[in-house]
Amino acid sequence: MAANPTPYAAHIDIGGLSKRFQHRPVLNGLSLTLNDGDLCILVGDNGAGKTTLLRILAGLVRPSQGEVSVCGSSPIGNPRIRRMIGYVGHQPMVYQDLTARENLVHYARLYGLAKGEEVVADAIAAFNMAGYQHQPVRTLSRGMQQRLSLARATLHNPAILLFDEPHTGLDQEAAAFFDQSLRRLNQPGRIILLAAHRPQRLLTVATHVAWLREGAISDHLPVTALGSAPLLNSYLQEVS
Amino acid sequence: MAANPTPYAAHIDIGGLSKRFQHRPVLNGLSLTLNDGDLCILVGDNGAGKTTLLRILAGLVRPSQGEVSVCGSSPIGNPRIRRMIGYVGHQPMVYQDLTARENLVHYARLYGLAKGEEVVADAIAAFNMAGYQHQPVRTLSRGMQQRLSLARATLHNPAILLFDEPHTGLDQEAAAFFDQSLRRLNQPGRIILLAAHRPQRLLTVATHVAWLREGAISDHLPVTALGSAPLLNSYLQEVS
Amino acid sequence: MNVLKKPILLVILDILTLVLVPAAVVLVVFFTPVEAVMGPVQKVFYFHVSAAWAGMLCFIIGAVTGGAYLLTRRLHWDWLSTSSIEVGLVFALIAILSGMIWARPIWNTWWVWDPRLTTTAIMTLVYLAYFILRSGLNTQETRARLGAVYAIVAVLTVPLTFFSIRLFRTIHPVVIATGGGDGPAFNMSPRMLTALFASLFVFTLMLIDLVWHRYRLAQLQYETSPEVN
Amino acid sequence: MTGVLAYLAAVWQVFRKDIQVEWRGRQGIPVMLVFALMIVFLFNFALQLSPDLQAGLAAGLLWVSLAFASTLGLNRSISLERENNALDGLLLAPVDRSAVFFGKALGNFCFTSLVGLLLLPIVSLFYQQNLLRLPLAAVLLLGVAAYTSLGTLLSALSIQARTRDILLPVLLFPLALPILIAAVEATRGLLSGQTLAELSSWVYLILAGALLFNAAGLLFFEIILEE
Amino acid sequence: MTGVLAYLAAVWQVFRKDIQVEWRGRQGIPVMLVFALMIVFLFNFALQLSPDLQAGLAAGLLWVSLAFASTLGLNRSISLERENNALDGLLLAPVDRSAVFFGKALGNFCFTSLVGLLLLPIVSLFYQQNLLRLPLAAVLLLGVAAYTSLGTLLSALSIQARTRDILLPVLLFPLALPILIAAVEATRGLLSGQTLAELSSWVYLILAGALLFNAAGLLFFEIILEE
Ligand code: HEM
Ligand SMILES: Nc1ncnc2c1ncn2[C@@H]1O[C@H](COP(=O)(O)OP(=O)(O)OP(=O)(O)O)[C@@H](O)[C@H]1O
Ligand SMILES: Nc1ncnc2c1ncn2[C@@H]1O[C@H](COP(=O)(O)OP(=O)(O)OP(=O)(O)O)[C@@H](O)[C@H]1O
Ligand SMILES: [Mg+2]
Ligand SMILES: [Mg+2]
């Protein structure tokens, strides 16, 4: 997790993006631009399409319509772009029968990391996984798996970080550590997009908030400007 | 979710409970008594054994040692006791290919609920699932599945409610609604045990807090007495 | 630790087995008559039958002790159950191999697709599957619990194998039959019978000895290596 | 009395849910049927069974293909319960776990026997034998009942293993072999003109299997499913 | 040049991970082997293959049992990727998706051919034929290569269906039939004393299949795997 991960500026540009499942539109002409150094929180009701949007950005889902550009190219079918993306989804995306460490080493190798072993050791230490690094994932508790998933996604120090409810299952300590990491990760050369349902704790870290409503981004503004958006503000504060 | 679900008082009594996986003890001589009307929040680090404890109480896991009594009997192999338990786990426990409504109807029938259709309709309305009640579960977002899981577990109006991180994936509105339901559910004749990592929002609802540490309950006290337990208090407040 | 100490009874059993097995070999080689038609190969007979008997007995013990585990939930029974099934598997393999060695000269082939042979092979596969099942399970308790259930269901193949020569037409001879099979059997002289019973007895002793050792191994494994699985 | 009724209601509800899932997807039965047909053809090709021999083979092929197809159905039936931990939901329900066994076994029985009955005219056609006879259908149903109840039992064992996706056939085939052989023999006998009475020993063997395996389910299902 | 090396490294890493999982569980190969043996026994019994016929059958049974066993391995190989969405992790990795295909196919090839080679002496024993010959092993490896590369391709298709657990054999068997027939014919020919040269048309057929299916994997795997 060193400084400036890419030689050029990170950038995400989405224009007129639509995604339909069957005939039901989930995303409907969504546009969003994220600039270098942004840490944008994505909020929205259950079923708003946050996961769908993140998966499209990660290149895992093909949009039905519209333009998606991550650092200048479409993320679909483009290994060079994939190299720059780290994605944490609802599932940990690891092998049940391998241990936590083996999974990380596997990913390090797959990403061709030069100092794989070292990076893995660092990640294990950082996420406090040393105690169970040699247990098969199958036997890990939910929070342990979530830590592993976070470690996996940040291992290769990507320029674009996509987090889908990353705090899920983390205990207080791990959640606090993750918030700190966010602060550290949020630098020039990187974009972080983070979907969350209770983003209050993140408002001090984030630079922007985007509200996904009825298939499109209804509001996208700097955290400092939240005062000028009473609706979004009340949505964020609804319950605390 | 009518009043007083059981003719007699709800009661949970755990004595000297141990659970080992292989040789590694996860629970180690844990004792805990919950009385009628308790709403106890179970806190503990990742991997502390919260899920294991709840699954043992639900009769899904056999303890290695010790006594577990739910309303006077062991929950293992006892349909009469199972009738009184509602459990929300990390997984939604529903059929992917059936719709949300069909799943609920299935459970209503399995529990032999007299007015099954009505109860299901109420649950769907309560958890705001009307919009997608006819979608197969496979296509539901995480939060939608969690609502379904909550509806499923409370459908038969059980005397013992076991919730494992029930807020996971719920949006603000659903989480607020769930907190209200908790308030409503917490009555004489019922015990609620709820595992949570960020229980601050629940402290106004709960009656007790139990801290699972090193395989046993290190603290178990009324919320009102939290002031007298500085360690637990600081654990709860660590990050907010 | 206490488990490391070998029980005195086991020591006696060890010695008995060590003495009696060679004695049985000597008995069979030197004191039984050479069978008229088949010649000296026929002497495989004593070990062939004894191994088959020992294997089946082991499988039955495995089922019974599996049942005991389910009733008591004490891991000792499970150790006994797997141990005897493992030893039984070895005996079953010996029965098959010795049968093949016998078959080669007299049926002029290593193997025929005869019901007795096939059911024996299938019984062996059933118990191979038992170990595959166990090795795929994650905790001691699951292994014990599901292993016991499987061992009880699987034991059905034992009577089936035993009676297969009665159920199906077969070239494998029937011996213990009262009515007699149609297969080419040979007449047993009293000395042959004595030797047969002697070797049956010795194999039974050996079975108990082996199972006991295997049981102790399971116990030691449990006590010493907290296998992370 | 109400106990018995509640028990039957639980069996019925588990069964009904399986039918519902099958109806929703309309996939399991077609896949099984196509697979069974495929095996019939595959063997004909790969083993180059000579035409004169084929008459006697009809019974064997019928049962082998049915056994394989049924394994698919059994696998699907249990993997349905595994996704999203739906099985835990069943285990939490206030019903006897043996009722779950009978419900699942009933579903498997219906699917496999449907496929079997559909196979009869098809195999008849390809092997110039008339398999469409009442006693033969009876043997088919009986054999399927024994096979699927054993299969249901073992599928609950196999999903707890790490290789859950592939373990079932290895556990099931050797144990089911006696039943299969008896079924093949009975079918062959019927085809060669014998009556059911003459084949009674085979039929009894199958019946004994069906009873034994169902009894095992009744006794052991609770034990198998606890964690 | 570095591109090619990176590509090969990716193939190797996917393959290596499959080996690692297999090594951890030590389950897949034993299950496949026992299953193959079981089929050999099952068929003999259920189809009551007459002894005089059996010599010619060795080739057919070898391939049929290997095909079934291999399907189990293929299923396991892909269902490994499905649990916990591990496949998404592979798809996110900055490697060509065709490299994922070749990695998976290589793993499947190794497992199945190991089982096949172990089967050779066993089938030899049971069918009084000497199958332990070099040309026969070569045909075996070639046939397995063709079969498993097709299987890997189709397994990626099948997991996206609702009936993912059971669809693979139905897709795979009919498409693999030409390969299987060619392999059986070549094996039978070798057993009856012909040389590889005489059987070259069969061998070429298998070779063509292997090349075609691998080309298909190269071309289509990316398309198959995107959501
Ligand atoms: C559970 C399995 C088996 C049992 C209980 C068993 C038992 C016996 C017995 C009691 C005899 C002596 C028959 C007599 O003297 O009249 C015998 C003979 C024989 N068995 Fe087995 N056997 C078993 C499996 C096998 C197998 C798997 C093979 C071959 C691979 C085999 C090959 C033979 C042969 C070649 C003979 C001599 C046949 C003859 O005298 O013509 N047996 N067996
Ligand atoms: N495979 C699918 N087929 C059909 N509909 C789908 C599919 N996947 C998602 N959907 C629908 O798309 C919508 C958005 O889902 P998505 O998972 O993106 O929501 P989300 O914003 O992540 O919600 P949550 O906060 O609950 O995680 C939902 O209405 C869901 O039902
Ligand atoms: N099947 C299993 N085999 C081995 N160990 C297990 C198994 N299930 C759980 N464990 C271990 O038991 C411990 C407790 O797990 P559990 O899931 O109960 O924790 P938890 O308190 O719910 O944690 P979290 O907050 O992360 O959900 C962990 O160390 C875990 O590794
Ligand atoms: Mg989501
Ligand atoms: Mg947990």
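Sequence lines set the chain letters: A, B, ... in the order given, protein chains first and strands last, and positions in each chain run from 1. Note that this is a predicted model, so its numbers are computed, not measured.
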Which side-chain N or O atoms in residues 119-132 of chain B pair as donor and acceptor under 3.5 Å with protein atoms at least two apart or in another chain?
from	atom 1	to	atom 2	distance (Å)
B:Asn128	ND2	B:Glu173	OE2	2.9

**Asked** From B:Tyr95 OH over to D:Leu90 CG, what is the distance, rounded to the nearest 0.5 angstrom?
**Response** 3.5 Å
**Prompt:** Rounded to the nearest 0.5 Å, how far apart are CG of D:Leu91 and CG of B:Leu60?
**Reply:** 6.0 Å
With a 4.5 angstrom heavy-atom cut-off, could you sort out which part of [X] is near chain B: side chain, backbone, both or neither?
| X | value |
| --- | --- |
| D:Glu222 | side chain |
| D:Leu87 | neither |
| D:Ala9 | neither |

[X] vs [Y] side-chain heavy atoms within contact, under 4.5 Å:
| X | Y | answer |
| --- | --- | --- |
| D:Asn85 | B:His90 | no |
| D:Arg24 | B:Thr99 | yes |
| D:Glu226 | B:Val61 | no |

**Message:** Counting only non-hydrogen atoms closer than 4.5 Å, can you tell me which residues of residues 66-84 of chain D sit against chain B?
**Reply:** D:Arg76, D:Leu80, D:Glu81, D:Glu83, D:Asn84
**Prompt:** So, the side chain of B:Arg82 versus the backbone of D:Val95: is there a donor-acceptor pair under 3.5 Å, distance only?
**Reply:** yes
**Charged N-O contact under 4.0 Å between B:Glu102 and D:Lys17** = no
**Request:** Could you tell me which non-hydrogen atom of B:Pro79 sits nearest to which non-hydrogen atom of D:Asp96, and how far apart they are?
**Result:** CG-OD1, 3.7 Å
**Any residue of residues 137-148 of chain B which, by heavy atoms, sits under 4.5 Å from chain D** = B:Val137, B:Gln145
**Prompt:** Heavy atoms under 4.5 Å from chain D: which residues of residues 108-117 of chain B carry them?
**Reply:** B:Arg109, B:Leu110, B:Tyr111
**Message:** Quick one, D:Val21 with B:Gln96, criterion side-chain contact (heavy atoms from CB on, under 4.5 Å). Give me CA distance, side-chain angles, the key distance, then yes/no.
**Reply:** CA-CA 9 Å; D:Val21 173; B:Gln96 300 263 21; over 6 Å; no
